[in-house]
Peer 1: 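This is the structure, below, for whatever I ask next.
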Amino acid sequence: MGEQPIYSTRAHVFQIDPNTKKNWLPASKHAVTVSYFYDSTRNVYRIISLDGTKAIINSTISPNMTFTKTSQKFGQWADSRANTVYGLGFSTEHHLAKFAEKFAEYKEAARLAKEKSQEKTEMATSPSQVNSLHQHRFSGNWKTDTNVSKTADSSATTNKIRRFTV
């Protein structure tokens, strides 16, 4: 099935100036479609926007991201993987509110997916850890103790006694 769009809207796309980290640079000349995508095979959510054939946003949503409304019609988020801050200018407050709501929803879904993935990883390693523990406890090492004893038949004889240690 792969990656499917799950919500789309239109907005003007901006990126923070990498040199000044203060000024917004327009990434699109006009409002473009900005979509949330869900990739069921990788269990990830992304924000994607194209201006023609050029990807101007390709941002994977992670649990530590925050979408901030900075004015009535503008919001932004930082993507550390892309090493940029994206800004979106909407035509109405309602569009901004809906995008922010979806961001929070998919961010939470990403958090849950990450937790579930970590649980699966832990469950996958647990049986081998248990096996390792059993092997350690029950395979042990045979040690040889040497006891010297005097018997009537011989002077000193060596009697080897094996014992199992854990």
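What you see is a predicted model; the values in this text were computed from it and never measured.
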Peer 1: What pairs with Y45 under ring pair (Phe, Tyr, Trp, His ring centres under 6.0 Å), at least two apart in sequence or on another chain?
Peer 2: Y38, Y106
Peer 1: What pairs with S62 under side-chain hydrogen bond (donor to acceptor under 3.5 Å, both in side chains), at least two apart in sequence or on another chain?
Peer 2: N64
Peer 1: Checking one residue: F74. Which other hydrophobic residues are in its cluster under the side-chain 4.5 Å linking rule?
Peer 2: F14, I16, W24, V85
Peer 1: R111: what forms a side-chain hydrogen bond (donor to acceptor under 3.5 Å, both in side chains) with it, not counting sequence neighbours?
Peer 2: E108, E115
Peer 1: Under the side-chain contact (heavy atoms from CB on, under 4.5 Å) test, which residues partner S28, sequence neighbours left out?
Peer 2: V13, V32, D51, I56
Peer 1: Tell me every residue that passes salt bridge (Lys or Arg N to Asp or Glu O under 4.0 Å) with K102, counting only those two or more places apart in sequence or in another chain.
Peer 2: E105
Peer 1: Please enumerate all residues that pass side-chain contact (heavy atoms from CB on, under 4.5 Å) together with N23, with sequence neighbours excluded.
Peer 2: D17, T20
Peer 1: How would you list all residue pairs meeting salt bridge (charged side-chain N to carboxylate O under 4.0 Å, His left out) that involve residues 37-49, not counting sequence neighbours?
Peer 2: E3-R46, D39-R42
Peer 1: Just jot down the side-chain hydrogen bond (donor to acceptor under 3.5 Å, both in side chains) partners of S8, sequence neighbours excluded, or say none.
Peer 2: S35
Peer 1: Could you check whether F99 and Y36 have their ring centres less than 6.0 Å apart?
Peer 2: yes
Peer 1: Show me the pairs that pass salt bridge (charged side-chain N to carboxylate O under 4.0 Å, His left out) and involve residues 82-101, at least two apart or across chains.
Peer 2: K98-E101
Peer 1: Please enumerate all residues that pass side-chain contact (heavy atoms from CB on, under 4.5 Å) together with S91, with sequence neighbours excluded.
Peer 2: H95
Peer 1: With sequence neighbours excluded, what pairs up with A100 under the side-chain contact (heavy atoms from CB on, under 4.5 Å) test?
Peer 2: F67, K69
